[in-house]
Amino acid sequence: MLRIAQTLHSQLLAAMERAFPEAAAQAEAAGKPLDPQLAAASKPEFGDFQANGALPLAKPLGQAPRQIAAAIVEELAADPGFAELCEAPQIAGPGFINLTLRPELLAAEVEARLGDPRLGVPRLGEGDDDGGAGTPVIVDFSSPNIAKEMHVGHLRSTIIGDSLARVLEFRGHPVLRLNHVGDWGTQFGMLITHLKQVAPQVLETADAVDLGDLVAFYRQAKQRFDGDEAFQTTSREEVVKLQGGDPISRKAWQLLCDQSRREFQTIYDRLDIRLTERGESFYNPYLEAVVTGLDASGLLVVDEGARCVFLEGVSGKDGNPLPVIVQKTDGGFNYATTDLAAIRYRFGAAPGGDGARRVIYVTDSGQANHFAGVFQVARRAGWIPADGRLEHVPFGLVQGEDGKKLKTRSGDTVRLKDLLDEAVERSKADLCRRLQEEGRSEDEAFIEQVATTVGLAAVKYADLSQNRNTNYQFSFDRMLALQGNTAPYLLYAVVRIAGIARKGGDMRAAAAALHFSEPQEWALVRELLKLDAVIAEVEEELLPNRLCSYLFELSQVFNRFYDQVPVLKADAAARPSRLALCRLTADTLKLGLGLLGIATLERM
RNA sequence: GGGGCUGUAGCUCAGCCGGAUAGAGCGACGGUUUCCUAAACCGUAGGUCGUGGGUUCGAGUCCCGCCAGCCCCGCCA
């Protein structure tokens, strides 16, 4: 309904300008043009839209707001285009103008969507939208560290990043999904040094150890690094060798990366997530240029032996400006350097760059300061094009039910693999209990399929349905609870519709002239038509929970409809229209869940 | 010491960038099944939106102070 809203907006604005030409001219001159303040109605009884624009005019015009609203409504009534869209506007409360769309218009919108695989969501580049071909976007997400296992922290980045990428792709933006894996830096110096001493075979033969062993070695290496100065020195030297291209170090590094990569891929396959790996090492050849570039633009300062850029407006513990270090005293580069090189490369023109115009980083909010600093340096160095957007999309911690950082009973971080396994196991146990209670019998393949889909959907949805800015409490019981704002509730709505289709509802042939009479039908129609606005919002705000809320509300409205209005047993006049609503609801839920990376089921 | 995020019903959370009587789920209490999967639906109870000021016709939302929690703060990423 975005297009209708845009039309109404212009009509309202024109009506305001006709009703109050002097005020309009004044407002224009003051740089604050009139605004009808058109918004979706806050309650169903107010209609479809409300315009609040009369209220702020009360003071400058010296008139009662209701009187102003009446004048606007009078002008609207004179607009034949408006009368085609809306019924007679109502003035309510202090001076709100409530608008209700004509039922024929709503029915026509539904009908248009029945034949549209995109369900009314315009695709950039093909649409009448803004004519553009979409903005080249990079979504940087997931980004686990080599030689470490993926844990719950990566879960959020992976799921949120994937969903945002899906939404942007669906809108028609060319999206590059980058996995900025931690495959460079001090940790490799540590690990390789340690392995050379205790398990050299790992560095020479592929598959000598599995990832679990590697993680154990990593832990030992870290322990030595923290307590042993000689080991620290050797490790740092090892990093320099690696970054300098020493063949033995490179080979060891390559083996470690391959090992981890295979392990990560099994998780991505399981979650149906597509990523292009481009680790920190990729930017190694560009690091030097970051330092020289910053020097050339006069931003570089040498302080206590380190090359850094001091930030504006950010002070450290002693009240002095805070530096971003781009080259350490020992000559090594660090993650700020890598991130700066990445920014240049990503905005840079092909072939030596990605040509992106919007770069999105999905990482935990603990890195907010880091990115703010790096972004500032990039901006001051002139590395962000005028039409380029650089956005950190932060998210909160995953906490246990005790409100503390999620840990296993033994106090270790929870491995992502174990977490997914447990979700599927629990979902399977729930399913089997239900089958038994209902006296149903299903084959093993069905049980596996449903348990896997529901379990993974529950994990993803629990994460995505929360506003990402806040920490969230991880609870298997809540996410798999089959009522409320959960994946199973949404999946069940799809299953109910599939049931209708199985029992003889021919939904594909059901799009004759639509006719609705029941309030439950109208409620569903109105909910269905919100999809395009919701997607546009997620595209802009990068908040997948908005899409989740919408799908949950749609499911609620559908379940009410399903409960109170018969479909298959409806009389011949109502049945085709109701089948059409069912079909569009199923299509909308499937599309929406698909954008969240969640698969649906026909039966469960 | 500086910075960021958060504080809304017993619990978990929404609240769309200032708008009408602050919403949902869970939990609690009470109801609904000759009918398309009851994994559903309907109803009741429950909130001085951390706190004190300010701006505004209008504030959970914007500004300032304070309190509490979490996170970050020079050579780890």
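Lettering follows sequence order; numbering is per chain, from 1. What you see is a predicted model, and the numbers here were worked out from it, not measured in a lab.
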So the salt bridge (Lys or Arg N to Asp or Glu O under 4.0 Å) pairs with at least one residue in residues 562-571 of chain A (sequence neighbours excluded) are none
* Scan residues 462-490 of chain A for pairs that pass salt bridge (Lys or Arg N to Asp or Glu O under 4.0 Å), counting only residues two or more places apart or in two chains. =>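 Non-adjacent pairs meeting salt bridge (Lys or Arg N to Asp or Glu O under 4.0 Å): A:R156-A:D463, A:R426-A:D477.
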With sequence neighbours left out, the residues meeting salt bridge (charged side-chain N to carboxylate O under 4.0 Å, His left out) with A:E45 are none
(request) With sequence neighbours left out, write down each residue that passes salt bridge (charged side-chain N to carboxylate O under 4.0 Å, His left out) with A:E391, or none if nothing qualifies. (result)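 A:E391 satisfies salt bridge (charged side-chain N to carboxylate O under 4.0 Å, His left out) with A:R358, A:R389 only.
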Output field dot_bracket for RNA chain B (Watson-Crick or G-U, both distances under 3.5 Å, | for other-strand pairs) contains (((((((..((((.....[...)))).(((((.......))))).....(((((..]....))))))))))))....
**Prompt:** For A:K407, does the NZ atom sit with more than 12 other heavy atoms under 6.0 Å from it, leaving out its own atoms?
**Reply:** yes
Give every pair of a protein N or O atom and an N or O atom of nucleotides 28-35 of chain B that lie under 3.5 Å apart, one pair per line with the distance.
unit_1, atom_1, unit_2, atom_2, d
B:C35, O2', A:K569, NZ, 3.2

Can you name the atoms? Protein N/O to nucleotides 57-59 of chain B N/O, anything below 3.5 Å, with the distance.
unit_1, atom_1, unit_2, atom_2, d
B:C57, OP1, A:K59, NZ, 2.6

Protein-nucleic acid N or O pairs under 3.5 Å, nucleotides 20-23 of chain B:
unit_1, atom_1, unit_2, atom_2, d
B:A20, N7, A:S42, OG, 3.4
B:A20, N7, A:Q50, OE1, 3.4
B:A20, N6, A:Q50, OE1, 3.2
B:A20, N6, A:N98, OD1, 2.5
B:A20, N6, A:N98, ND2, 3.4
B:A20, N1, A:N98, ND2, 3.2

Acceptor/donor pairs from residues 55-66 of chain A side chains to any protein atom, 3.5 angstrom cut, sequence neighbours excluded:
unit_1, atom_1, unit_2, atom_2, d
A:R66, NH1, A:G93, O, 2.6
A:R66, NH2, A:I91, O, 3.4

Dump every N/O contact between nucleotides 7-12 of chain B and the protein below 3.5 Å, one line per pair.
unit_1, atom_1, unit_2, atom_2, d
B:U12, OP1, A:Q473, NE2, 3.3

With sequence neighbours left out, the residues meeting side-chain contact (heavy atoms from CB on, under 4.5 Å) with A:A5 are A:L38, A:F49
5' to 3', nucleotides 70-77 of chain B under a 4.0 Å protein heavy-atom cut-off (B base, S sugar-phosphate only, - none) gives SSBSBBSB
